[in-house]
Undergrad: 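Sharing a structure here in structure tokens format.
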Amino acid sequence: MNFQHGNIVALTGGVGGAKLVLGLSQILKATQLTAIVNTGDDFTHLGLPISPDLDTLMYTLAGLVNPDTGWGCNDETWSFMQALEQLDAETWFRIGDRDLATHVIRAQLLAEPATLTQVTQALCQRLSIHTRILPMSDTPVRTQVVTDCGRLDFQHYFVRDRAEPVVKQLEYAGVDNAAPSPAALTALQDPDLAGIVIAPSNPYLSIDPILAVPGMRAALQAATAPIVAVSPIVGGAALKGPAAKIMRELGIEPSAAAVSRHYGDLLDGFIADEHDRDMVSTPDQLNLPVQICDTIMHTLDDKIRLARAILDFIQSIDVNRTE
Ligand code: FO1
């Protein structure tokens with residue numbers, strides 16, 4: 001099962017995006033696939049540089065991910081956390097012993113010094129991952145959630161406070177001084193680019209930070225390949241995480257159509273789930289091709305089936321972009 005028609009870039013965040021990239025990686029040759037990953041969730045914790053979305057994708061592609069959570073490592077042990085408890089240290093962010101090794105090596109490599117792009121490439125090499133995994137930027141960008149409980153760093157909002165505070169606004173600290181990872185720009189300028197896939201990740205928490213990096217949106221718009229997004233909202237609910245809750249808090253009725261409106265002009269096509277078949281017939285539909293398919297990914301076969309449907313859809317789209 002091969003895709004002969006060029007290269008694919010995926011914009012992705014956490015667990016849902018990683019599942020789709022795994023599906024794409026089963027169809028495409030390693031050289032055909034590049035993932036540009038959200039680093040707005042990154043933070044320094046206990047002195048360690050943590051990049052949750054990069055690690056979720058690395059562990060997923062390396063077959064190391066914890067299947068129950070979708071993040072962290074399988075067959076994990078927790079001695080580090082137990083030792084932290086004994087030392088009366090912060091334990092709200094659960095770092096397993098195997099996962100800890102990644103953060104320690106990342107810290108060591110970053111100190112050499114090296115960019116996050118270089119460090120990620122080195123980690124991928126050591127884990128025998130051949131898909132190109134790129135941070136959106138080598139400059140730190142930190143998602144800040146303005147809530148009814150004040151301004152919170154992303155992981156404090158998401159993990160410590162279980163995404164319970166009411167979201168009023170999202171900000172991406174440091175983004176004004178950030179630039180896309182040069183390797184990400186190269187991937188988007190590739191003359192053999194066949195398509196750009198926005199994964200079914202949280203549009204506000206995972207994809208918007210990528211789009212907010214100065215120069216990223218322009219690079220996407222300048223790309224000659226179609227841009228398609230997969231809805232993370234199915235039948236008005238998020239498949240995982242707080243996307244629907246956040247949309248409601250921001251005054252948007254959660255729906256696949258609302259996600260496609262959120263991305264607006266950036267898109268050349270949109271993929272919604274069977275549960276949202278009415279999207280193609282409703283009067284407020286966006287004026288763009290919509291593909292309906294089963295987007296729910298439990299098994300590896302589900303992931304490959306969705307990846308195949310996306311690649312077929314991309315091939316059917318005729319882009320006439322004016323630069
Ligand atoms: N998510 C949690 O809900 N609780 C945790 O304790 C937690 C720890 C953790 C450690 C390493 C890592 O790479 C990810 C981790 N996550 C945890 C997931 C992560 O914080 C979020 O899923 C993403 O940032 C959202 O995409």
Side-chain angles (χ1 to χ4, degrees), residues 10-22 35-62 64-82 84-85 89-107 110 116 119-120 123-124 127 129 133 135-136 140-145 152-165 167 170 172-173 198-210 232 238-246 297:
L11 308 189
T12 179
V15 177
K19 287 181 179 181
L20 177 60
V21 175
L22 177 60
I36 300 177
V37 181
N38 170 43
T39 54
D41 297 10
D42 291 17
F43 73 138
T44 303
H45 186 57
L46 304 167
L48 298 166
I50 317 273
S51 293
D53 288 356
L54 285 171
D55 289 350
T56 294
L57 183 54
M58 282 192 322
Y59 295 155
T60 301
L61 293 184
L64 293 175
V65 82
N66 178 332
D68 299 325
T69 55
W71 51 265
C73 294
N74 58 16
D75 299 326
E76 192 54 284
T77 55
W78 300 95
S79 300
F80 175 59
M81 292 309 295
Q82 284 155 12
L84 285 178
E85 259 165 51
E90 282 181 75
T91 53
W92 57 268
F93 193 77
R94 312 285 299 165
I95 298 175
D97 300 335
R98 295 182 79 182
D99 187 30
L100 175 62
T102 303
H103 311 310
V104 170
I105 299 297
R106 179 180 289 116
L110 282 171
L116 187 57
V119 171
T120 306
L123 287 168
C124 286
L127 292 173
I129 297 164
I133 301 182
M136 64 191 197
V141 174
R142 299 291 175 258
T143 298
Q144 306 250 289
V145 191
L152 299 170
D153 290 340
F154 178 79
Q155 296 296 343
H156 286 97
Y157 160 78
F158 193 87
V159 175
R160 189 195 64 191
D161 299 346
R162 297 175 298 278
E164 283 168 6
V167 175
L170 290 152
Y172 311 110
I198 301 180
S201 299
N202 187 312
Y204 301 88
L205 300 181
S206 298
I207 304 298
D208 281 1
I210 304 177
L239 286 175
K240 191 177 195 308
K245 174 178 177 284
I246 291 174
M297 296 177 280

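Here, residue 1 is the first one in the sequence, and each next residue gets the next number. Just so it is clear, the structure is predicted and the values come from calculations on it, not from any experiment. Indexing begins at 1, ligand by ligand and atom by atom, following the structure's order.
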Undergrad: Which value, rounded to the nearest 0.5 Å, describes the distance between D41 atom CG and S206 atom OG?
TA: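 Output value for this atom pair is 5.5 Å.
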
Undergrad: Answer yes if the side chains of N66 and E76 hold a donor-acceptor pair under 3.5 Å, and no otherwise.
TA: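 On atom types as modelled, these side chains do not qualify, holding no pair under 3.5 Å.
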
Undergrad: What pairs with F43 under ring pair (Phe, Tyr, Trp, His ring centres under 6.0 Å), at least two apart in sequence or on another chain?
TA: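 Ring pair (Phe, Tyr, Trp, His ring centres under 6.0 Å) list for F43, sorted by chain: H45, F93.
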
Undergrad: Taking only residues two or more places apart in sequence, or in another chain, which ones meet R106 in a salt bridge (charged side-chain N to carboxylate O under 4.0 Å, His left out)?
TA: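 By the salt bridge (charged side-chain N to carboxylate O under 4.0 Å, His left out) rule, R106 matches D55.
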
Undergrad: Output, or 'none' if empty, a list of ligand 1-protein atom pairs in which both atoms are N or O and the distance is under 3.5 Å, rounded to 0.1 Å.
TA:
unit_1, atom_1, unit_2, atom_2, d
ligand 1, 6 (O), R94, N, 2.8
ligand 1, 20 (O), Q155, OE1, 2.9
ligand 1, 20 (O), Q155, NE2, 3.4
ligand 1, 24 (O), D41, OD2, 2.8
ligand 1, 24 (O), Q155, NE2, 3.0
ligand 1, 26 (O), D41, OD2, 3.2
ligand 1, 26 (O), D53, OD1, 2.9

Undergrad: Using side-chain hydrogen bond (donor to acceptor under 3.5 Å, both in side chains) as the criterion, list what pairs up with D53, not counting sequence neighbours.
TA: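 Once residues adjacent in sequence are excluded, the partners of D53 under the side-chain hydrogen bond (donor to acceptor under 3.5 Å, both in side chains) criterion are N38.
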
Undergrad: Would you call the rings of F158 and F154 parallel, tilted or perpendicular, taking 30° and 60° as the class edges?
TA: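 Rings of F158 and F154: parallel, under 30°.
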
